[in-house]
2 protein chains.
Amino acid sequence: MELQDVILGFMDWKQLTGYELKSFFSELDFLPWAGNNNQIYTALLKLEREGLVEKETVPQEKLPPQKRYRATGRGKERLKCAVLQPAEAISVRNDFLLHLAWSDGLSTEEIERLVDGYQKTIEVELAMCREKMRRGGPVRGRSRREEYVWSMILQNREALLRAELNWLIRLRNGLANK
Amino acid sequence: MELQDVILGFMDWKQLTGYELKSFFSELDFLPWAGNNNQIYTALLKLEREGLVEKETVPQEKLPPQKRYRATGRGKERLKCAVLQPAEAISVRNDFLLHLAWSDGLSTEEIERLVDGYQKTIEVELAMCREKMRRGGPVRGRSRREEYVWSMILQNREALLRAELNWLIRLRNGLANK
DNA sequence: TTAACCATGTAAAAAGTTACATGATTGT
DNA sequence: ACAATCATGTAACTTTTTACATGGTTAA
C-alpha cells in the first residue's frame, strides 16, 4: 500500500486539507515516513489529476485559501482494492543491531554505555507511545469496529517496543555474565 | 550508522569481495535495505578512495578477477567511532496497519481473510527466522562475547515477530467479539 | 536447456529528507 | 523579540529499488 492509498483513506474518512493531513501523519507514528510537504502536496496534485479526490477551495480572510479534498467514487474503489491486497510482512530497521554487530572492539564499559543509552531511548519511545494511547489518538472511528481497530493500531507499536525492551534486558543480563 | 560503516565492520572482521558482502547482506535480515549491487560497489569504490579499505586483486583462471577488501587502520578508527555513536530507536514499517486502518468498508469475511493472510505471512517469516537461528547464521564470532552478541542479533527478529503474532491473535479475538 | 552461482559494475527511476520561500496570527 | 500555528508549495539532495550489461561454470 502506497502513500496515495493512505491519503485516500483519510480523504474517504473526512474532508481534509494538505496541512491537516500532514499533522495526522506526524501524530500517527506508524507512518514514520511520508510526513513532509513535498510528498503530500505532490501526491494531492496527482490524486486530483487522476480524479480520485475532488477539491473545494475555501477562501479565508487573512490566511491563504484552504484546499479541502475528499475521495471521489473512483477514489473509494481504488482504496478498497488497495486494502484488499495482501499485506507485506513488517520490516524493521534496527540501528542498534548494527552497532552491536561490530562492538567486538569495545571495552566492557563502552558496550555498557551503548546498551544503557539505547535502553533509555526505547523507554522514552514507550512512554511517548503510552501517552498517545492515553490521549486516545487523533482519529475517531465511524463504527464500533473501526474504533476498536484504531485502538489496536496504537497498541501495535507499544507491543513491539515492549518486545524490544525485553530483548534488551535479556541482552544486558547475558553480557553481564560474559 | 550508515552502509559504509556496516561494510567497514565486515571488512574489519574478514577480508571480503563485494560479492561475498552481498550474500551476507541478503542472508542477514536485519539489513533489509542495502543488499543490491549499486549500493555495494559504489560504497566500495568510495571507501577505497577515502583510504578506509585496501584492495587486493586476485586473478582467477576462468572467472573475472576477485577484488578482496579489508579495513585499513583509518577504517577501523572510523568504524569504532561510528559504533560508539548513540543508536537510533527502531523504526518499523507495517503495511498491515495501513490496510487495517482503512478496513471499515470491508465485510466481516473480507477482514477475516486479510487477517488470516497476514498471520500466515508472519508465521512463514517466523519459521524462516527460526531455521536461520538453528543453522546458526553465517557469521562466526572472534570472541565469546561476539559469539553471544551475534546469537542475540538473530533472536531480536524472532522476538519482534513473536510480538507481532501475539498482537495479531489478540486482534483476531477482539474482532470476533464485535 | 534452464536455472543458480560466481563476479563485476552502470543507469535510470522511485522514494524519502531537508531546506527554501512566503506571510499573517497568536501566545510567551 | 521569538516561537508556534496556519497554509501553501518548490528545489535540491540523498537513499533505495529495479533493471541493464557481460560472461563463464556447474548441477538438475
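Just so we're on the same page: letters track the sequence lines, and every chain starts at 1.
- Look at CD on A:Q39: it is 18 Å from P on D:dC13, rounded to the nearest Å.
- At distances below 3.5 Å, at least one donor-acceptor pair connects side-chain atoms of A:T72 with backbone N or O atoms of A:G51.
- Not a single donor-acceptor pair, N or O on each side, falls under 3.5 Å between the base of D:dT10 and the side chain of A:N37.
- Rounded to an integer number of Å, the gap from B:L16 CG to C:dA7 P is 12 Å.
- A single hydrophobic cluster is seen to contain both A:L44 and A:W33, as judged by linkage of ILVMFWY side chains at heavy-atom distances under 4.5 Å, directly or through other members.
- In this structure, A:W33 places its CH2 atom 15 Å from P of D:dT16, rounding to the nearest Å.
- Listed pair B:Q60 / C:dA7 meets the phosphate criterion, a side-chain N or O lying under 4.0 Å from OP1 or OP2.
- For the OP1/OP2 pair of D:dT8 and a distance below 4.0 Å, the side-chain nitrogens and oxygens of A:Q66 include no atom meeting the criterion.
- A:E56 places its CD atom 13 Å from the P atom of D:dT8, with the value rounded to the nearest Å.
- Annotation: A:R145, atom CZ; neighbour count of heavy atoms from other residues, nucleotides and ligands within 6.0 Å is above 12.
- Residue A:I40 contributes atom CD1, which lies 11 Å from atom P of C:dT17 at whole-angstrom precision.
- Remark: A:E131 engages A:R135 in a salt bridge, criterion side-chain N to carboxylate O under 4.0 Å.
- Note: NZ (A:K22) to C1' (D:dT8) measures 10 Å, nearest angstrom.
- Rounded to a whole Å, the CG atom of A:N38 is 15 Å from the P atom of D:dT14.
- Applying the 4.0 Å criterion to OP1 and OP2 of C:dC6, one finds that B:T17 has every side-chain N and O outside that range.
- Put simply, A:Y19 has no side-chain N or O that comes within less than 4.0 Å of OP1 or OP2 on D:dT8.
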